[in-house]
Amino acid sequence: MKRPAFLANFIIWTLIALGTTGYLAWYNLGGQADAASSEFVYGPAEILRIIAAPLLLFALGAVIGFLLIAFKNIMMGRMARSICRFAGIACLALFVAAIIPCFFPGTASQLALPTVVVVYVAMAAPIMIMMFGFLYALGLAPLDPNKPGPFDKYLPDDHFE
């Protein structure tokens with residue numbers, strides 16, 4: 001991945017971590033009483049509360065991963081990088097599937113499993129969500145030139161410039 005895209009990902013995940021931290025602080029310090037709404041099955045404050053904690057954990061894992069990649073010059077092979085990227089994006093897709101029933105109540109029975117998984121894992125094993133964020137960051141690490149893949153001569157270089 002090119003350096004500007006890497007930096008953009010780092011900045012975006014840092015802002016997400018700061019935003020979710022601020023929101024959770026506001027919500028838990030009494031802001032939820034002012035945010036009550038009846039437009040949805042849940043109010044907007046409750047919808048954000050459901051997903052803010054797992055998203056914060058994911059963002060912290062990603063930021064830690066980006067910092068390690070930048071300061072320790074971690075490089076990965078194509079296959080390992082692809083597996084890490086897939087695991088991180090699959091976890092993000094699970095977050096999206098968990099929040100959909102809040103906006104479309106008719107999908108609650110179909111998407112109950114992702115919601116239960118995200119909420120339960122966030123409570124029981126928060127480090128697991130952080131590890132998926134870390135894997136997402138590793139999925140964006142530069143390629144190791146010493147580990148060429150079988151199709152390496154056909155693919156463009158992804159080293160930092």
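Computed from a predicted structure; not experimentally measured.
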Engineer: Run the numbers on Phe132 and Leu92 for side chain to side chain contact (heavy atoms under 4.5 Å, CB included), then give the verdict.
Structural biologist: CA-CA 9 Å; Phe132 277 108; Leu92 284 175; over 6 Å; no

Engineer: Locate the shortest heavy-atom distance separating Ala59 from Ile16; write the atom from each residue and the value.
Structural biologist: CB-CG2, 4.1 Å

Engineer: How long is the gap from CE on Met128 to SG on Cys91, to the nearest 0.5 Å?
Structural biologist: 8.0 Å

Engineer: Measure the CZ-CG distance between Phe10 and Leu15 for me, rounded to the nearest 0.5 Å.
Structural biologist: 9.5 Å

Engineer: Between atom CD1 of Ile89 and atom CG of Leu94, what is the distance when rounded to the nearest 0.5 Å?
Structural biologist: 14.0 Å

Engineer: With a 3.5 Å distance limit and no angle check, can you tell me whether Arg81 reaches the backbone of Ala141 through a side-chain donor-acceptor pair?
Structural biologist: yes

Engineer: Under 4.5 Å between any side-chain heavy atoms of Ile69 and Pro142, yes or no?
Structural biologist: yes

Engineer: Starting from Ile12, can I reach Phe6 by hopping between I/L/V/M/F/W/Y residues whose side chains sit under 4.5 Å apart?
Structural biologist: yes

Engineer: Which heavy atom in Leu57 sits nearest to a heavy atom in Ala122, and how many Å separate them?
Structural biologist: CD1-O, 4.4 Å

Engineer: Tyr23 versus Leu56: any side-chain heavy-atom pair under 4.5 Å?
Structural biologist: no

Engineer: Given a cutoff of under 4.5 Å between side-chain heavy atoms of I, L, V, M, F, W and Y, with clusters grown through shared members, what are the other residues clustered with Leu7?
Structural biologist: none

Engineer: Taking Met79 as the starting point, is it possible to reach Leu140 by hopping between hydrophobic residues whose side chains are less than 4.5 Å apart?
Structural biologist: no

Engineer: What's the shortest heavy-atom distance between Met76 and Leu138, and which atoms?
Structural biologist: SD-O, 3.3 Å

Engineer: Measure across Ile51 and Pro54 and return the closest heavy-atom pair with its distance rounded to 0.1 Å.
Structural biologist: O-CD, 3.4 Å

Engineer: Would Met130 and Phe134 satisfy side chain to side chain contact (heavy atoms under 4.5 Å, CB included), going step by step from the backbone distance to the final call?
Structural biologist: CA-CA 6 Å; Met130 285 183 75; Phe134 185 76; over 6 Å; no

Engineer: Using every non-hydrogen atom in the two residues, find where Ala87 and Leu135 come nearest and quote the distance to one decimal.
Structural biologist: CB-CD1, 4.0 Å

Engineer: Could you pull out the closest heavy-atom pair between Cys84 and Gly139, with the gap in Å?
Structural biologist: CB-N, 3.7 Å

Engineer: Measuring from Leu60:CG to Thr21:OG1, what's the distance to the nearest 0.5 Å?
Structural biologist: 6.0 Å

Engineer: Applying ring pair (Phe, Tyr, Trp, His ring centres under 6.0 Å), name anything that partners Phe95, two or more places apart in sequence or on another chain.
Structural biologist: Phe58

